Amino acid sequence: MELNGQYRIPAERERVFAALCDPVVLQRCIPVLEEIDRLSPTDYAARVRATVGPLKARFHGRLRLSPEDAPRFYILYAEGSGGLAGAVKGEARITLEEVEGHTHLTYTLAAALGGAVGRLAVKLVQAKADRVIGGFFERFTAEVLEP
């Protein structure tokens with residue numbers, strides 16, 4: 001499954017990047033995130049609750065941030081397991097460009113789904129992912145704009 005998109009965030013790139021690496025901010029902004037703990041400057045443990053169609057599951061996993069050219073470009077690797085619901089493994093490539101005082105964020109997400117999640121129609125999973133991403137950026141933008 002592949003998703004991509006872009007968002008304009010009315011804040012400086014360094015502020016956006018710092019917020020994207022802050023577990024407290026992520027906890028408040030990611031609608032499906034139940035828990036996130038920073039294990040190191042680049043590694044996190046997370047628990048996500050997912051409801052896709054008739055399937056409800058909790059996924060436990062790890063996230064790793066690879067700051068290739070931070071804060072301009074980085075890669076986020078994710079891997080998680082939801083027991084009988086299946087597993088997910090993915091990679092997100094994120095570019096942050098500062099343009100006249102705001103940040104233009106572009107992402108490409110590639111994910112492999114296994115188990116029950118993988119058997120669900122891809123369009124159903126993509127629609128859910130689009131809603132979660134949209135909810136994240138709405139909350140994230142408000143969070144970054146708070147003094």
Side-chain angles (χ1 to χ4, degrees), residues 1-52 55 57-83 85-115 117-118 120 122-147:
M1 175 178 79
E2 235 180 79
L3 299 168
N4 54 58
Q6 52 188 331
Y7 287 87
R8 180 185 179 278
I9 302 168
E12 302 82 25
R13 176 173 55 192
E14 285 76 18
R15 184 171 179 167
V16 171
F17 180 75
L20 287 170
C21 296
D22 185 339
V24 174
V25 171
L26 296 176
Q27 180 80 47
R28 288 194 295 254
C29 296
I30 299 173
V32 297
L33 184 62
E34 289 186 331
E35 184 178 314
I36 186 167
D37 295 308
R38 180 178 272 176
L39 305 174
S40 77
T42 59
D43 295 291
Y44 302 84
R47 185 176 71 225
V48 173
R49 65 173 154 51
T51 303
V52 180
L55 179 66
R58 280 197 166 84
F59 287 81
H60 299 269
R62 297 281 177 139
L63 303 169
R64 183 170 48 90
L65 180 69
S66 179
E68 301 288 319
D69 183 15
R72 192 188 78 70
F73 174 77
Y74 66 96
I75 301 172
L76 179 66
Y77 300 97
E79 195 171 311
S81 174
V88 63
K89 189 174 187 175
E91 175 182 300
R93 296 176 171 271
I94 298 142
T95 303
L96 302 171
E97 294 294 333
E98 191 156 336
V99 180
E100 299 175 1
H102 73 270
T103 301
H104 182 84
L105 182 148
T106 305
Y107 70 88
T108 301
L109 169 68
L113 308 170
V117 171
L120 285 173
V122 173
K123 288 187 187 266
L124 184 63
V125 173
Q126 282 183 326
K128 176 66 176 190
D130 285 339
R131 285 192 302 278
V132 169
I133 291 168
F136 166 76
F137 279 110
E138 183 179 310
R139 293 175 183 180
F140 183 77
T141 299
E143 180 80 24
V144 170
L145 291 176
E146 282 189 15

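The structure presented is a predicted model; accordingly, all values stated were derived computationally and were not measured. When reading the values below, keep in mind they use all heavy atoms of this one structure, side chains included, and skip hydrogens, waters and symmetry mates.
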Novice: State the CZ-CD distance between Arg64 and Glu91, to the nearest 0.5 angstrom.
Specialist: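 Reported to 0.5 Å precision, the distance equals 9.5 Å.
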
Novice: Can you tell me how far the CG atom of Leu96 sits from the CG atom of Leu20, to the nearest 0.5 Å?
Specialist: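 CG of Leu20 is found 6.5 Å from CG of Leu96.
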
Novice: If you compare all heavy atoms of Pro67 against all heavy atoms of Ala70, which two are closest, and at what distance to 0.1 Å?
Specialist: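 Closest approach of Pro67 to Ala70, heavy atoms only: CB-CB, 3.6 Å.
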
Novice: Please work out whether the ring planes of Phe140 and Phe137 are parallel, tilted or perpendicular, with thresholds of 30° and 60°.
Specialist: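 Rings of Phe140 and Phe137: perpendicular, as their planes differ by over 60°.
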
Novice: Between Pro71 and Arg13, which heavy-atom pair has the shortest distance, and what is it?
Specialist: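 Pro71 and Arg13 have their closest heavy atoms at O-CD, 3.6 Å.
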
Novice: Quick one: salt bridge (charged side-chain N to carboxylate O under 4.0 Å, His left out) partners of Glu98, sequence neighbours excluded?
Specialist: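 Residues passing salt bridge (charged side-chain N to carboxylate O under 4.0 Å, His left out) with Glu98: none at all.
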
Novice: Taking atom CZ of Arg93 and atom CG of Leu109, what is their separation to the nearest 0.5 Å?
Specialist: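 Between Arg93 CZ and Leu109 CG, I get 11.5 Å after rounding to 0.5 Å.
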
Novice: Do you know which two heavy atoms are closest between Arg15 and Leu145, and how far apart they sit?
Specialist: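 In this case the closest contact between Arg15 and Leu145 is NH2-C, 4.3 Å.
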
Novice: Do Thr108 and Glu2 have side chains that approach each other closer than 4.5 Å (heavy atoms only, starting at C-beta)?
Specialist: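 Thr108 vs Glu2: side chains touch.
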
Novice: Taking all non-hydrogen atoms of both residues, which atom of Ile36 and which atom of Pro23 are closest, and how far apart?
Specialist: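 Answer, listing the atom of Ile36 first, then Pro23: CG2-O, 3.5 Å.
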
Novice: Is the side chain of Gln27 donor-acceptor paired with the backbone N or O of Glu34 at a distance under 3.5 Å, no angle test?
Specialist: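 Yes; at least one donor-acceptor contact below 3.5 Å.
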
Novice: On a heavy-atom basis, which atom in His104 and which in Val99 lie closest, and how many Å separate them?
Specialist: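 Heavy atoms of His104 and Val99 come nearest at CB-CG2, 4.4 Å.
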
Novice: Which residue pairs satisfy the side-chain hydrogen bond (donor to acceptor under 3.5 Å, both in side chains) criterion with at least one member in residues 133-147, sequence neighbours excluded?
Specialist: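 The answer is Arg28-Glu143.
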
Novice: Restricting to non-hydrogen atoms, name the atom on Leu63 and the atom on Ala78 that form the minimum distance, rounded to 0.1 Å.
Specialist: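 Here Leu63 and Ala78 meet closest at CD2-CB, 3.4 Å.
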
Novice: Look up atom CD in Glu79 and atom CZ in Phe59, then write down how far apart they are to the nearest 0.5 Å.
Specialist: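 Glu79 atom CD to Phe59 atom CZ measures 12.5 Å (nearest 0.5 Å).
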
Novice: For Cys21, is there any backbone N or O sitting under 3.5 Å from a side-chain donor or acceptor partner on Tyr44?
Specialist: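 Judged by distance alone, yes, a pair lies under 3.5 Å.
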
Novice: When rounded to the nearest 0.5 angstrom, what distance separates CG in Leu105 from CZ in Arg8?
Specialist: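 These two atoms lie 13.0 Å from each other.
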
Novice: Please name the residue in the list Arg58, Arg47, Arg49 that meets the salt bridge (charged side-chain N to carboxylate O under 4.0 Å, His left out) test with Glu35.
Specialist: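 Of Arg58, Arg47, Arg49, salt bridge (charged side-chain N to carboxylate O under 4.0 Å, His left out) with Glu35 is met by Arg47 alone.
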
Novice: Working to the nearest 0.5 angstrom, can you tell me the gap between Phe136 CZ and Ile30 CD1?
Specialist: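 The CD1 atom of Ile30 is 5.5 Å from CZ of Phe136, to the nearest 0.5 Å.
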
Novice: Any side-chain heavy atom of Ile94 within less than 4.5 Å of one from Phe17?
Specialist: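 No, their side chains stay 4.5 Å or more apart.
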
Novice: Main chain of Thr95, side chain of Thr106: is a donor-acceptor contact present, judged purely on distance under 3.5 Å?
Specialist: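 Between the backbone of Thr95 and the side chain of Thr106 there is no qualifying donor-acceptor contact (under 3.5 Å).
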
